[in-house]
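Order of listing sets the numbers, starting from 1, for every ligand and every atom in it. Note: hydrogens, waters and symmetry copies are ignored here, and every other heavy atom, side chains too, is used. From a predicted model like this one, the values you see are computed outputs, not experimental measurements.
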Amino acid sequence: MTRVLHLDASARPGRSDRRPHGSHTRRLSAQFVEEWRRQRPTDHIDYRDIGRQSPSPISGDWIHAAFTKEPDREPWMREALKESDRLVDELLAADVIIAAVPMYNFGVPAGFKAYIDNIVRVGRTFGFDRNRQGPPYWPMLSDANKHLIILSARGDAGYDPGGVLAHANHVEPHLRTVFGYLGIDKVDCIAVEYDEFGDDRLAESLDQAERRIRQAVETLAATTAPPVSA
Ligand SMILES: Cc1cc2nc3c(=O)[nH]c(=O)nc-3n(C[C@H](O)[C@H](O)[C@H](O)COP(=O)(O)O)c2cc1C
């Protein structure tokens, strides 16, 4: 059975096709999941609403605990890592990760940054050994065949590669770097632009994103493990 992890990070509640002032990224991720369920009704889907409930930012205790080797951890350290362990377990279990992440001030929303800081974990998602031959850091999820779909939205336009604002886009490039660091390098990016203008260009951008989502689901659903009923 394939497991899908669906993450929403917009601060706006509701999806833009169902509610005034709703979120485009929530709309895209919901459409992805609806299409996935239609094609593979028996797959398991985990949902986490980071926009509504942000993971805790990491603390001094968290850092001390994370960089203490597992057998040497005191009870307070295990406690400090509890939430991060849950998020890492969820990520490790997922075959397909749908990250619906809007652009806020050229980067990811603060809640999604907190999520990233909690899942990049030495000994669990990346390795570190300063005495190792070759690079001291290595990705721990490379053999897990995970696939990441980044669904984003922006108020302005031109942030895709080759666009006039590509240099200012710190969403997809950042996410590719972070997830690639963990060994997740199969990544698809689909974004909506022109939200601030709300005109035909937004409508066309939404249409295009929805078409690309249907194609991405079709391709991915055909190449991941068959559903249990097959
Ligand atoms: C706090 C904040 C910061 C934003 N910063 C940018 C930005 O840097 N560049 C941009 O093009 N749009 C920016 N926007 C517009 C959002 O990216 C746009 O409204 C997008 O549709 C939000 O995603 P959502 O529809 O899923 O909520 C910003 C919006 C907010 C609320």
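Short contacts between ligand 1 and P102, defined as distances under 4.0 Å to a heavy atom of the residue, involve ligand atoms 22 (C), 23 (O). Close contacts between ligand 1 and S10 involve ligand atoms 24 (P), 26 (O), 27 (O) [criterion: under 4.0 Å to a heavy atom]. Atom numbering of ligand 1 starts at 1 in the shown order; those under 4.0 Å from a heavy atom of A153 are 17 (O), 20 (C), 21 (O), 23 (O).
Protein heavy atom in closest approach to atom 11 (O) of ligand 1: D156 N, 2.9 Å. In terms of protein heavy atoms, atom 12 (N) of ligand 1 is closest to G155 N, 3.0 Å. Given atom 19 (O) of ligand 1, the protein heavy atom at minimum distance is D195 OD2, 2.6 Å. What sits closest to atom 8 (O) of ligand 1 on the protein, heavy atoms only, is F106 N, 2.9 Å.
In this structure, F32 and W36 have parallel ring planes: the angle between them is below the 30° cut-off, well short of the 60° mark. By the 30° and 60° cut-offs, the orientation of the rings of H64 relative to W76 is perpendicular.
Residue contacts with ligand 1 include E196, since one or more of its heavy atoms lies under 4.0 Å from the ligand.
Checking side-chain atoms of S23 against main-chain N and O of R15 turns up no donor-acceptor pair under 3.5 Å.
Summarising the contacts of atom 4 (C) of ligand 1 with T25, N105, V171, the nearest heavy atom is found in N105. Closest heavy-atom approach to atom 9 (N) of ligand 1 within the set Y104, Y159, Y194: this belongs to Y159. Proximity annotation for atom 14 (N) of ligand 1: of M103, R154, R27, M103 comes nearest, heavy atoms only.
Residues I149 and L141 do not share a hydrophobic cluster, clusters being chains of Ile/Leu/Val/Met/Phe/Trp/Tyr side chains in contact below 4.5 Å.
The pair D85-R121 meets the salt-bridge criterion, with a side-chain N (NZ, NE, NH1 or NH2) lying under 4.0 Å from an Asp/Glu carboxylate O. Here R154 does not pair with D156 in a salt bridge; the nearest charged N to carboxylate O distance is not below 4.0 Å. The pair D8-R48 does not count as a salt bridge, with every side-chain nitrogen at least 4.0 angstrom from each carboxylate oxygen. With respect to the salt-bridge test (charged N to carboxylate O, under 4.0 angstrom), the residues E193 and R201 do not qualify.
Residue-level proximity to ligand 1 for S23 is carried by backbone and side chain together, each with a heavy atom below 4.0 angstrom.
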